[in-house]
Number of protein chains: 2
Amino acid sequence: MKNGPDIAQIAALIGDPARANMLTALMNGIALTATELASEAGVTVQTASSHLSKLQEGGLVAPRKQGRHKYFSLASDDVAKVLEGLMGLASGAGHLRTRPGPKDAALRKARVCYNHLAGEMGTRLFESMITRQFLRSNGEDIELTVAGAGFVRDFGIDLDALKAQRSALCRQCLDWSERRSHLAGSLGRAMLGRIEELGWARRDRKTRIVVFSPKGKLHFDELTASWPKRLG
Amino acid sequence: MKNGPDIAQIAALIGDPARANMLTALMNGIALTATELASEAGVTVQTASSHLSKLQEGGLVAPRKQGRHKYFSLASDDVAKVLEGLMGLASGAGHLRTRPGPKDAALRKARVCYNHLAGEMGTRLFESMITRQFLRSNGEDIELTVAGAGFVRDFGIDLDALKAQRSALCRQCLDWSERRSHLAGSLGRAMLGRIEELGWARRDRKTRIVVFSPKGKLHFDELTASWPKRLG
DNA sequence: TGAATGCTTCGATTACGATCGAACTATGAA
DNA sequence: TTCATAGTTCGATCGTAATCGAAGCATTCA
């Protein structure tokens, strides 16, 4: 008699105003932190935390821990599709919200993320290394290819020393402002260190901004070009 | 700050277990009465009535009053699509339920609905008249075409007398067992009267069953054939 | 190490809504 | 008319879940 399909559970999950606000905030595909989502929903972080764990439990959002931050995004396209449909039923009042980001343009350009390069230039480096097959990504894990090892060594990094460490070599890190991945892990730290060592850039300890010199910027552009000189 | 999209309201509507059961019961496209939906949801009729008015208010279901019955169906395909999506998110556990109907096979075959023909034969007559463009349906209203007027007069009905009455000539009636429309209104009543008059069938006042004679059945089949003899 | 930040857990409060009994209306049947 | 059935409205009860303050972890930064 009571062979209930659990559609009610999922719908009830979406049915709370706070959670619905969070989900709609995630509809543009950008990952948001728990605190940001709390502000989107207009509730305290405690309440938001409770909601987010329920949404996660229900398979509607997927978390991605990033140091002391926790980024949430919609779990799948199917979730987005259902939300879109619900918006349609709610008579097409599909509001979109403001998207946050660092206030300072310099921070957005290049900054230190813990100890590696982040911001626009950080994601550019990462994506360049993916495009040129120096890094291979399978799901969440990242591994350095043979070609990538050569690239890193050519850049002047002691890869063997890094590998000897117990911490992970490569890790992807969800970028704060770009909302895309950049390179973290011990290799990411080493890359930034080498960039400083070469005098391409210096980091402002106070503001976390990474300031590239004009010459360093040129070198970096060349380093991250999709087709480096020797090939083109 | 609080520009809430009303997706939460809709989702909360679906999010109640009782209402979700009702909606899933309606997913097969068959209209159900309030009492049937109450039993589907496992609640009393009072509770069901409250739920149904909310669902109607939210635009998820559409009612259709039929004498002392009130049939509900999903308001649109969009609603069904969203429900389908939610079922998908709820890990594909899309249970379907039993569909009710009159217990007696004879009742299902042909019966009196107030004073016109209902059941399988009633819907067949109606659909035949639609197919042959004797009736034209615009939304809820039904009108008799010129060709239809000829068909009705040929059948031996005094159409002018019917038109003189103040009650509606043509009306569609949601069939109890077939869950599709059949012809009601004064024309529907006249059609059944003529069928009895011709000796094709007689109505059992006790059980509401309409019993066709073998010869009457043949005549009726011919009457409702998509391509009557003179055309084929 | 200690200070600051991001997030979680716990506990108590509070408010909303689902539920049903009882009474009422409407339609159909006898 | 009277009875039966379908559905609605009202009122009271009761549970559950959303909310936030306070305290507790975890992580980063100096």
Side-chain angles (χ1 to χ4, degrees), chain A residues 8-9 12-22 31-39 41-58 61 63-72 100 111-116 118 167 173-174 176 184 189 203-208, chain B residues 8-9 12-22 31-39 41-58 61 63-72 100 111-116 118 173-174 176 184 203-208:
Chain A
Q9 300 176 11
L13 228 42
I14 310 174
D16 177 78
R19 287 192 294 258
N21 283 337
M22 294 177 174
L32 296 172
T33 68
T35 304
E36 287 168 345
L37 287 168
S39 119
V43 295
T44 62
V45 284
Q46 310 95 294
T47 306
S49 177
S50 162
H51 284 314
L52 286 168
S53 64
K54 282 170 188 166
L55 286 174
Q56 182 180 344
E57 179 98 5
V61 303
R64 205 165 160 193
K65 223 167 77 195
Q66 201 54 238
R68 56 184 177 186
H69 293 269
K70 196 168 179 183
Y71 286 91
F72 289 90
R111 67 176 175 277
V112 173
C113 178
Y114 310 137
N115 47 27
H116 50 263
S167 62
C173 174
L174 190 57
W176 185 25
R189 179 159 49 82
R203 46 206 284 187
D204 184 320
R205 288 278 176 188
K206 196 80 177 172
T207 63
R208 294 175 52 201
Chain B
Q9 300 176 11
L13 229 40
I14 311 175
D16 177 77
R19 287 192 293 259
N21 284 336
M22 293 177 174
L32 296 173
T33 68
T35 305
E36 286 168 345
L37 287 169
S39 120
V43 295
T44 62
V45 285
Q46 310 95 296
T47 307
S49 178
S50 162
H51 284 315
L52 286 168
S53 63
K54 283 170 188 166
L55 287 174
Q56 182 180 345
E57 180 98 4
V61 303
R64 206 167 160 193
K65 223 166 78 197
Q66 200 55 242
R68 57 183 177 185
H69 293 270
K70 198 168 178 184
Y71 287 90
F72 289 90
R111 68 177 174 275
V112 173
C113 179
Y114 310 139
N115 47 26
H116 50 263
C173 174
L174 190 57
W176 185 26
R203 46 207 283 188
D204 184 319
R205 288 277 174 189
K206 195 79 179 173
T207 63
R208 293 174 54 200

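Residue numbers start from 1 in every chain, and the chains themselves are labelled A, B, ... in the order their sequence lines are given, proteins ahead of strands.
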Given D:dG21, D:dA6, D:dT28, the nucleotide with the shortest approach to the side chain of A:Arg68
D:dT28
Considering only side-chain heavy atoms of A:His69, which listed nucleotide, C:dG6, D:dG7, C:dT27, is closest?
C:dG6
To the nearest angstrom, how far is [X] atom [atom1] from [N] atom [atom2]?
{"X": "A:Arg111", "N": "D:dT28", "atom1": "CZ", "atom2": "C1'", "value": "15 Å"}
{"X": "A:Leu52", "N": "D:dA18", "atom1": "CG", "atom2": "P", "value": "12 Å"}
{"X": "A:Asn21", "N": "D:dT19", "atom1": "CG", "atom2": "C1'", "value": "15 Å"}
{"X": "B:Tyr71", "N": "C:dT27", "atom1": "OH", "atom2": "P", "value": "16 Å"}
{"X": "B:His116", "N": "C:dG28", "atom1": "NE2", "atom2": "C1'", "value": "13 Å"}
{"X": "B:Glu36", "N": "D:dT5", "atom1": "CD", "atom2": "P", "value": "16 Å"}
{"X": "A:Leu55", "N": "C:dC7", "atom1": "CG", "atom2": "C1'", "value": "16 Å"}
{"X": "B:Phe72", "N": "D:dA6", "atom1": "CZ", "atom2": "C1'", "value": "11 Å"}

Check residues 48-57 of chain B and write down every donor-acceptor pair under 3.5 Å in which the side-chain atom is one partner and the other belongs to a residue at least two apart or another chain.
from: B:His51; atom 1: ND1; to: B:Arg19; atom 2: NH1; distance (Å): 3.1
from: B:Ser53; atom 1: OG; to: B:Ser49; atom 2: O; distance (Å): 3.4
from: B:Ser53; atom 1: OG; to: B:Ser50; atom 2: O; distance (Å): 2.8

Shortest non-hydrogen separation from [X] to [Y] and the atoms involved:
{"X": "A:Pro17", "Y": "B:Ala8", "result": "CA-CB, 3.8 Å"}
{"X": "A:Leu13", "Y": "A:Gly58", "result": "CD2-CA, 3.7 Å"}
{"X": "A:Phe72", "Y": "A:Ala34", "result": "CE1-CB, 4.1 Å"}

One should read off an interatomic distance between A:Lys65 NZ and A:Lys70 NZ, to the nearest 0.5 angstrom, of 7.0 Å
According to side-chain hydrogen bond (donor to acceptor under 3.5 Å, both in side chains), who are the partners of A:Thr44, at least two apart in sequence or on a separate chain?
A:Gln46, A:Thr47
Would you say a side-chain N or O of A:Lys65 is under 4.0 Å from OP1 or OP2 of D:dA26?
no
Using a heavy-atom cut-off of under 4.0 Å over every strand shown, decide if A:Ala18 touches base, sugar-phosphate, or nothing.
sugar-phosphate
Heavy-atom protein contacts under 4.0 Å, nucleotides 9-17 of chain D, coded B base, S sugar-phosphate only, - none
B--------
